[in-house]
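Below: the structure, in structure tokens.
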Amino acid sequence: MNIEQVLTSKVKEAVKDLYEVELPSVEFQPTRKDFEGDITVVIFPMLRFVKGNPEKIGEAIGAHLLKVVADVAQFNVIKGFLNIIISNSYYLEAFAEISSTENYGIRREKEKGAVMVEYSSPNTNKPLHLGHIRNNLLGYSVAEILKASGKKVYKTQIINDRGIHICKSMLAWKLFGDGETPTSSGLKGDKLVGNYYVAFDKAYKKEVGQLISEGRTREEAEQQAPLLQEAQEMLRQWEAGEPEVVSLWKTMNAWVYQGFKETYFNLGVDFDQLYYESNTYLLGKDVVEDGLKSGVFFRKDDGSVWIDLTDEGLDEKIVLRSDGTAVYITQDIGTAIQRVRDFPDINGMVYTVGNEQDYHFKVLFLILKKLGYSWASHLYHLSYGMVDLPSGKMKSREGTVVDADDLIAEMTQTAASISRELGKLDDYSEEEKEALYKIIGLGALKYYILKVDPKKRILFDPEESVDFQGNTGPFIQYTYARIQSILRKATEIVDLKINNNKQNISLHAKEKELIKLLLAFPDTISLAAAQYSPALIANYTYDLVKEFNSFYQQVSILGEEDEQTKTFRVLLSAKVAEVIKTGFSLLGIQVPERM
RNA sequence: GGCCUCAUAGUUCAACGGAUAGAAUAGAAGUUUCCUAAACUUUAGAUCCAAGUUCGAUUCUUGGUGAGGCUACCA
């Protein structure tokens with residue numbers, strides 16, 4: 001039982017004794033820095049049940065606690081706040097327990113059921129850009145956080161590998177490609193295919209312009225442009241299984257997948273299971289047919305199939321075109337159901353997709369619920385804000401994107417130049433240095449993106465590079481490296497066994513703060529999981545590191561003369577380092593031994 | 001038009017309805033005979049506007065203002 005639970009019951013007891021009232025709950029908060037105390041009981045909410053002056057009530061409760069709870073050392077009351085000072089021995093004991101816990105903060109016992117986390121989900125006609133980076137980092141991190149909070153997690157993505165847009169790059173390659181391949185051009189496969197997607201758009205716009213100058217309206221021109229009609233024909237051939245088209249489709253997709261694989265590897269994300277839209281859209285169509293029979297959907301005169309969501313405050317939504325072909329949401333229905341078939345223990349799913357699709361997911365979840373799937377009430381759209389550039393939205397077709405591979409390389413470069421300037425690693429080999437630069441560069445990028453609340457949009461200015469100082473990834477990595485340095489030296493000096501005779505240690509204020517922060521780690525993970533927010537982990541880690549650096553500056557660890565105190569400080573530092581490492585691993589960020 | 005998000009120091013981010021709104025960065029001023037100065041210490045600087053609910057509002061409600069998004073037989 002932790003101290004808060006003890007205090008809750010004792011406060012309730014006090015109120016019952018003093019005022020003969022049962023309190024439903026007691027409100028705590030960490031005592032603010034400007035006041036003396038460790039934990040604060042807020043008296044105000046009690047005023048609804050107990051009439052009287054909050055200060056007097058606080059005094060009375062405080063006196064009671066002092067008497068009955070051994071770990072309450074002192075208290076003071078300011079306005080309606082009862083500040084409690086907890087004894088050092090409580091914190092020393094709490095630390096002893098934390099210190100001996102392996103993988104502190106990670107929940108061991110697994111909950112029943114599993115969650116599938118979908119993220120990335122790219123189109124196969126354009127390379128990944130900064131927007132995908134945010135998506136990947138968020139999805140990966142939320143998956144790791146859910147795991148740490150005791151859930152079984154499957155990471156997945158849906159690969160958008162069919163449709164007219166894919167045919168556009170295929171067509172452009174056929175017309176202008178002259179047999180170019182990744183090998184012949186030296187380009188990454190996704191980059192190569194992306195180029196043809198852009199080439200299509202360019203040629204198409206030219207045709208449209210031509211038609212307009214010949215007297216067509218823009219609308220007519222856009223529909224009648226020969227290139228578009230050819231692409232549409234290609235899509236029909238693909239759906240009909242025309243071998244030549246299918247073979248080209250396979251070849252070009254394979255190029256893209258190889259390119260994505262490299263980017264994912266560099267980014268440090270992975271997947272347990274992949275889904276391809278080309279495999280699931282047919283199931284979606286079947287499900288719609290079934291739902292039509294059971295009355296969930298209805299058919300309009302022209303043959304198109306709809307669902308009426310006006311009761312839910314939404315509109316009617318089409319689920320099947322009049323020609324019987326699938327729309328976007330059809331395949332999403334199919335994919336969701338396929339996933340539960342493949343992994344029957346799934347009882348929830350998280351979709352990491354930008355906030356422009358808020359409406360789409362609202363509709364999707366409602367449809368699945370109406371179709372009667374029990375897991376449909378545990379679906380969550382992890383919606384995040386767009387990453388915009390000062391010039392506006394990123395558009396692949398117009399080439400105004402910050403490419404993922406380029407950005408990663410650039411961050412690594414920056415890390416390298418800062419590191420060289422500091423020159424602390426002269427005895428590292430070139431490979432070791434390169435690996436380190438990557439850890440630091442990626443750390444800066446990932447932290448920069450993940451520390452922001454997912455809902456907020458990010459304005460990314462490529463001119464102003466991502467910081468390496470202050471509230472940044474490298475700042476936290478640096479602290480970790482510093483502690484490792486201490487630990488390397490400490491193993492020769494101190495015997496790393498915690499002494500039972502803890503009472504002899506006097507606890508420095510900074511040490512107490514550090515222990516309090518360590519105690520908050522498991523709850524932080526739970527909260528981050530409940531809110532699907534890596535930002536909470538990032539903020540927590542930052543607070544911990546900030547506090548440690550301050551401690552490091554004020555207190556000598558290895559220079560301490562008292563053996564017990566020295567041992568305690570080394571162990572405390574080691575645990576702080578471990579929590580930094582764990583916290584950062586939940587963000588998908590590595591920590592270096594030196595930097 | 002309808003619906004959905006967001007709005008906090010010059011800038012980038014925090015704050016279960018709680019105390020004097022925290023950090024970082026940019027600015028000013030300091031700290032290396034001592035465990036890594038990518039660090040630490042000090043300093044100045046902000047809740048879009050208006051009403052309401054509350055003992056108490058950055059947080060909840062309503063109405064404005066501003067930014068972005070959705071409202072396709074595109075994905």
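Residue numbers begin at 1 in each chain, while the letters A, B, ... track the order of the sequences.
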Problem - Donor-acceptor side-chain pairing of A:Glu547 and A:Tyr552 below 3.5 angstrom - result: no

Exercise for the section: Report the C-alpha distance between A:Tyr478 and A:Phe468 in whole Å, list the side-chain angles of each, state the deciding distance to 0.1 Å, and finish with yes or no for ring pair (Phe, Tyr, Trp, His ring centres under 6.0 Å). Expected result: CA-CA 10 Å; A:Tyr478 173 71; A:Phe468 283 68; over 10 Å; no

Fill in the blank from the handout: By the Watson-Crick or G-U definition, both distances under 3.5 Å, B:rU36 is matched with none

Handout entry: Nucleotide nearest A:Phe81 when distance is taken to its side chain, options B:rC40, B:rA14, B:rG18
Key = B:rG18

Exercise for the section: Measure the distance from CG on A:Leu527 to C1' on B:rC16 and round it to the nearest whole Å. Expected result: 8 Å

Practice task
Salt-bridge test for A:Lys510 and A:Glu513: reply yes if a basic N is under 4.0 Å from a carboxylate O, no otherwise.
Solution key: no

Exercise for the section: Determine the Euclidean distance between corresponding C1' atoms of B:rU61 and B:rU53; express it in Å to zero decimal places. Expected result: 7 Å

Practice task
Tell which nucleotide pairs with B:rU54, taking only Watson-Crick or G-U wobble pairs whose two distances are both under 3.5 angstrom.
Solution key: none

Handout entry: Separation of atom NE2 in A:His132 from atom P in B:rA75, rounded to whole Å
Key = 17 Å

Practice task
Return no unless some side-chain N or O of A:Arg321 is found under 4.0 Å from OP1 or OP2 of B:rA72.
Solution key: no

Completion exercise
Whichever of A:Ile78 and A:Tyr478 has the more 5' nearest nucleotide on RNA chain B, that residue is A:Ile78

Contacts under 3.5 Å, N or O only, protein and nucleotides 41-47 of chain B:
residue : atom : partner  : partner atom : Å
B:rU41  : OP1  : A:Ser550 : OG           : 3.4

Handout entry: Test: A:Asp562 and A:Lys566 ion pair at under 4.0 Å
Key = no

Completion exercise
Whichever of A:Asn83 and A:Leu314 has the more 5' nearest nucleotide on RNA chain B, that residue is A:Leu314

Practice task
Mind checking A:Tyr552 for me? I need base, sugar-phosphate or nothing, with any heavy atom below 4.0 Å counting as a touch.
Solution key: base

Problem - Value in whole Å for how far the P atom of B:rC74 lies from CG of A:Leu235 - result: 11 Å

Handout entry: Length of the line joining A:Ile483:CD1 and B:rA39:P, which is rounded to integer Å
Key = 15 Å

Exercise for the section: Please confirm whether any donor atom in the side chain of A:Thr479 sits under 3.5 Å from an acceptor in the base of B:rA39, or the reverse. Expected result: no

Practice task
Return the nearest nucleotide to the side chain of A:Gln553; candidates are B:rC16, B:rA39, B:rC35.
Solution key: B:rA39

Practice task
Using atom CG of A:Asp467 as one end and atom P of B:rA23 as the other, report the distance to the nearest whole Å.
Solution key: 18 Å

Problem - A:Glu511 bridged to A:Arg569 by N-O distance under 4.0 Å - result: yes

Exercise for the section: Locate the shortest heavy-atom distance separating A:Pro592 from A:Tyr480; write the atom from each residue and the value. Expected result: O-CD2, 3.1 Å

Practice task
Please check if the distance between the ring centroids of A:Phe551 and A:Phe548 is under 6.0 Å.
Solution key: yes

Completion exercise
Considering only heavy side-chain atoms of A:Arg457, the closest of B:rA24, B:rA67, B:rA14 is B:rA67

Fill in the blank from the handout: Quick note, A:Val452 side chain, CB onward, closest among B:rA39, B:rU36, B:rA14 is B:rA14

Exercise for the section: Go through the side-chain N and O atoms of A:Asn253 and A:Asp161 and say whether any donor and acceptor fall under 3.5 Å apart. Expected result: no

Exercise for the section: Check if the side chain of A:Gln357 and the base of B:rC70 share a donor-acceptor pair of N or O atoms closer than 3.5 Å. Expected result: no

Exercise for the section: Counting Watson-Crick and G-U wobble pairs only, both distances under 3.5 Å, name the nucleotide matched with B:rU65, or none. Expected result: B:rA7

Practice task
Whole angstrom is fine here: how far is it from CG in A:Leu459 over to P in B:rU25?
Solution key: 21 Å

Exercise for the section: Rounded off to whole Å, could you give me the OH-to-C1' distance for the A:Tyr276 and B:rA75 pair? Expected result: 18 Å

Practice task
Could you tell me the separation between the CZ atom of A:Phe361 and the P atom of B:rU71, rounded to a whole number of Å?
Solution key: 13 Å

Exercise for the section: Would you indicate what A:Tyr359 reaches in the nucleic acid, counting non-hydrogen atoms under 4.0 angstrom: base, sugar-phosphate, or nothing? Expected result: sugar-phosphate

Practice task
Take atom NZ of A:Lys300 as the centre, draw a 6.0 Å sphere, and report whether it contains more than 12 heavy atoms from other residues, nucleotides or ligands.
Solution key: yes

Fill in the blank from the handout: Pairing partner of B:rA19, by Watson-Crick or G-U wobble and under 3.5 Å for both distances, is none

Problem - Complement of B:rA28, any strand, by Watson-Crick or G-U distances under 3.5 angstrom - result: B:rU42

Exercise for the section: With the side chain of A:Ile164 defined as its heavy atoms from C-beta on, choose the nearest nucleotide among B:rA38, B:rC74, B:rC35. Expected result: B:rC74

Handout entry: Base of B:rA38 and ring of A:Phe475 stacked, centres under 5.5 Å, planes under 30°
Key = no

Practice task
Write down the partner of B:rC74 under the Watson-Crick or G-U wobble criteria, each distance required to be under 3.5 Å.
Solution key: none

Handout entry: Nucleotide of B:rA24, B:rU8, B:rC35 approaching A:Ile557 most closely (side-chain heavy atoms)
Key = B:rC35

Handout entry: Proximity to the side chain of A:Glu356 - top-ranked nucleotide from B:rC16, B:rC55, B:rC70
Key = B:rC70

